[in-house]
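Notes to accompany the following structure.
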Amino acid sequence: MISFQNIHKQYGRVKVLNGVDLGLSGGGVHTILGPNGSGKTTLIKILLGMVIPQKGEVVIDSKIVNGKWEYRNDIDYLPQIARFPDNLSVSELIKMIIHLRKKSNRSEELIRLFKLEPFLDQKLGNLSGGTRQKVNLVLAFMFDSRIIILDEPTTGLDPVAVVHLKELIRKERLKGKIILVTTHIMSFVEEMADQIIFLLEGKIYFKGTNEELRAKNNSKNLEHAIATLLEVNHA
Amino acid sequence: MNFFKSCCTILLFILYPILGTSQPITVCSTCPLQSIEAAVSKAEAGATILVKAGTYQEHDIAITKPITIIGQDTPTIDGEEKGSIFRVNADSVMISGFRLKNVGFSHTTNYAAVHVFESSDFTISKNIMENVFFGILIERSKHGEINGNMISGESDAEFYSGNGIHGWNSSHLMIFNNKITALRDGIYLEFVDDSEIAENESWGNVRYGLHFMFSNRDNYYNNEFRENGSGVAVMFSKFINMRGNRFYKNWGTASFGLLLKEIYDAEIEENDFYQNTVGIKVDGSTRISYKRNNIRENGWAVKIAGGCYTNIFTQNNFSYNSFDLSYNSKMNDNKFYENYWSSYTGYDLDKDGIGDLPFRPVKLFSYVVNRTPETVILLRSFFVDILNFSESVSPVFTPDNLADSKPLMKPYQ
Amino acid sequence: MLNILRYSFFDLMRSRWSYFYFVFYLALGFALLFLNNSLPKAIITLMNLIVVLTPLIGTVFGVMYFYNSREFTELLLAQPIKRSTIFMGQYLGIAGSLSLSLVLGLGIPFLAYGVMLSGEITNFIFLLIDGALLTFIFVALAFILSLYNENRIKGFGYAILIWLFFAVIYDGLFLIFLLVFENYPLDKFSLAATMLNPIDLSRILVLLKLDISALLGYTGAVFQQFFGTAMGLFLSTFMLVLWCVLPVGIILRVCKKKDF
């Protein structure tokens, strides 16, 4: 159970989150949608403790986690842009993260899945964007944590890798994990999401299932529903 | 055997008048004569008085005839701070082998462990003098030898202490191998001519280790002056020869190893100036030659002020001084050449051992420090280096012709 | 923290910059010994250089490393590790590797020259400690600057500026102040002003070694007490350590509030 309580965040004079209250209960795929700059990534980073909110609390299992760090043992995170130290090799990076977390892992299985074996000894600075994203995925899925956060997971992936990724997510969902995903890809949402959260101008505008969203806006598909939501609120 | 006998006879014959006609007069606590004063008054001219070990409470023992007084196993004469201990007013007197302690203190009279006046050919040797006001005081006397005495006071301020060896209006003194500490001046010579001061050690004195005033034609060599208020002051004197002395750690405000004030025709050679606040301080002196001295790790190696003429510095080693030279005077005909300067950064392309660029020992910053002493705290800062460098590139404040035109690349051996 | 320290340290040890720094000191050491041909002279020159060079290299490398390791930092932030641990680890990693380059780079030529057997060994060790302390101080200052500035060009500019300020400008202003107010008692002021600049502080430590004779020529009682007793050495070292600790405290405070 994760809940955000009255989260306010502004960078300088720009308000990014304006009193977000959000509860994510139970396992399943929770997707966060919203236009660019609506605060999706900021919200995720607040959950991770990378961004410090001006106001509000993040509560996991009825414990306030702001300023703490131990709770991140239960979280796997896939950052939006795969940025790594350039002069480390892939295997060194993986080893390092394993060393830091000291948890059992399934890195080898994932390396095979994404066919990363040939790149293991290459420096991260020399990898293509897609390969880096695969390394990024290995790091995110190799520990068996209760909460998985994926920030734009499909960026730069080839279709085969996307299929593998979806499979991975489905498997994790079956284990009853809380999976939090931000994405722009509507088909991904339609296919995977148990719950949709719509974030606009720093506020939650909608929270519910795919069906609920479509019913509310009288739309036949998700894209329409979202467009309607945007039009109504900008009118 | 015969030869030996005849030799002895001849020797006795020669020595007879010197040894005197009588046996030495002995003084001890169980002897017929129990006081030195009594022995002295009984002795005839030329007599020898032998004083055995023990402590004698006596003072102002007047000696007015040529006699020899010898302490055996260092007897102590305690003056009980009542006055001088010996007062010598006769020629050919010798005092040797005593421990003389507790000389009186007075604002009006100069009491001393041994006071010699209007006498000649005296010898004062191998005495230990403790808690003295003056140690050995010599007035209007000549041809004396002061040798191997250890003189100490208990002074920590100038006004209530006297000098270790004080000479006034005398000549031909030989002051050798004495150790002097905790007095005002270790050795003070005023109007003392044609004298030699050698192998003495003078340390921890309140004012100077050695002090010349109006004295001419004196030599001092191989002495050590350390941790005095200041090392040696030579003032208003002529023809003083200073050689092989060691001036160490004379630290403090206005402290120096050697001060020259209004002196003429002196030679300063092969001395070692080490860790003094000012190595040599020169104030209005003329025709002085500074040769082969080691001047190392002083605050200022040499400070020159006042009207100075024909001072020549050559073959000296200036090593690791905070400031090499402070020069507050006209250049005149003073010369610096062929010295070694550790702060010289030039090169020697023709390999003749002499730097190809002249060395300017006066830094702009030393002017700044002279004007505002607190700025010394910025010594060695990058800013000051930049300041000194720009001044050396185009001198504005420092005299252009003040330079060692032939700096040595290696220390003079 | 040890893990982070280890990764930063080895990351740096592998980068060509620490080699560059190491080789630079190696060359400097050999050059000084060769040119001066005398151990004490080389050490005196080095003392003058160290108080200016280590702060410059510390700030520049500190800022550079901070910006370049931003990815690494972000990666670590998402891991179950305390923030202060991450930044302390990185700080100690870089300051440690720079100090190691300094110690090895200078140590090798001087050891080869036989510094161990000379009377200069204490001065030499003292010099290395002084340089290492300055490195720790200025890397910390560089970290603070980078934490406050997202823009790396700006951060870099400030780093150079802060070095220039402490190494040159500060002393210039200090000197002008002393000259302008020369009619007032200034010894307390000058000691206080010295305490506020880490470069001046370590320079004072050098002065205490090399120029004690000159320093004792000054009349002020405060100076006499400071330089004439162990107080000077004690106080300067204490202040230098304080200069190490305070910026680290600021790093810890600032890093808690920063967004990534």
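When reading the values below, keep in mind they use all heavy atoms of this one structure, side chains included, and skip hydrogens, waters and symmetry mates. Numbers restart at 1 for each chain; the letters A, B, ... are given by sequence-line order, proteins then strands.
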Legend entry - Qualifying residue, where the test is side chain to side chain contact (heavy atoms under 4.5 Å, CB included) with B:Phe382 and the options are C:Val51, C:Asn48, C:Val52: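 With B:Phe382 as partner, side chain to side chain contact (heavy atoms under 4.5 Å, CB included) holds for just one option, C:Val52.
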Between [X] and [Y], what is the shortest heavy-atom contact and its length?
X	Y	value
B:Tyr344	C:Lys41	O-NZ, 3.9 Å
C:Ile44	B:Tyr320	CD1-CD2, 3.4 Å
B:Glu374	C:Asp187	CG-N, 4.0 Å

Roughly how far apart are [X] [atom1] and [Y] [atom2], rounded to 0.5 Å?
X	Y	atom1	atom2	result
C:Leu207	B:Ser322	CG	OG	8.0 Å
C:Asp211	B:Thr277	CG	OG1	11.5 Å
B:Ser381	C:Phe174	OG	CZ	9.0 Å

Inset, instruction - Look at atom NZ of B:Lys406 and say whether more than 12 heavy atoms of other residues, nucleotides or ligands are closer to it than 6.0 Å. - result: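 Not buried by this count: 12 neighbours or fewer within 6.0 Å.
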Legend entry - Winner by heavy-atom pair count (cut-off under 4.5 Å) against chain C, out of B:Val368, B:Leu379, B:Thr375, B:Asn298: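 Going by pairs under 4.5 Å, I would pick B:Leu379.
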Legend entry - Pick from B:Thr372, B:Thr345, B:Asn250 with the largest number of heavy-atom pairs that fall under 4.5 Å of chain C: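 Most pairs with chain C among the choices: B:Thr372.
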Legend entry - Portion of C:Ile199 that has a non-hydrogen atom of chain B nearer than 4.5 angstrom: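 When you check distances to chain B, no heavy atom of C:Ile199 falls under 4.5 Å.
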Legend entry - Which portion of C:Ser190 sits near chain B, non-hydrogen atoms under 4.5 angstrom: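 For C:Ser190, the contact with chain B is made by backbone and side chain together.
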Legend entry - Side chain, backbone, both or neither of B:Tyr274 within contact of chain C (heavy atoms, under 4.5 Å):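 Nothing of B:Tyr274, per the 4.5 Å heavy-atom cut-off to chain C.
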Legend entry - Under 4.5 Å from a heavy atom of chain C, the part of B:Ser255 involved: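 Neither the backbone nor the side chain of B:Ser255 comes within 4.5 Å of chain C.
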Inset, instruction - Output, in order, the C-alpha distance, side-chain angles, deciding distance and verdict of side-chain contact (heavy atoms from CB on, under 4.5 Å) for C:Leu210 and B:Arg380. - result: CA-CA 10 Å; C:Leu210 298 181; B:Arg380 285 181 201 279; 3.7 Å; yes
Inset, instruction - Check the pair B:Leu387 / C:Leu175 against side-chain contact (heavy atoms from CB on, under 4.5 Å), numbers first and verdict last. - result: CA-CA 11 Å; B:Leu387 213 65; C:Leu175 185 62; 3.9 Å; yes
Inset, instruction - Look at C:Ala167, C:Pro185, C:Gly172 and state which one has the largest set of heavy-atom pairs under 4.5 Å with chain B. - result: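 The residue among C:Ala167, C:Pro185, C:Gly172 with the greatest pair count is C:Gly172.
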Inset, instruction - Ignoring hydrogens and angles, tell me if any N or O in the side chain of C:Arg203 forms a donor-acceptor pair with the backbone of B:Ile377 under 3.5 Å. - result: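 Pair found, side chain donor or acceptor close to backbone of B:Ile377.
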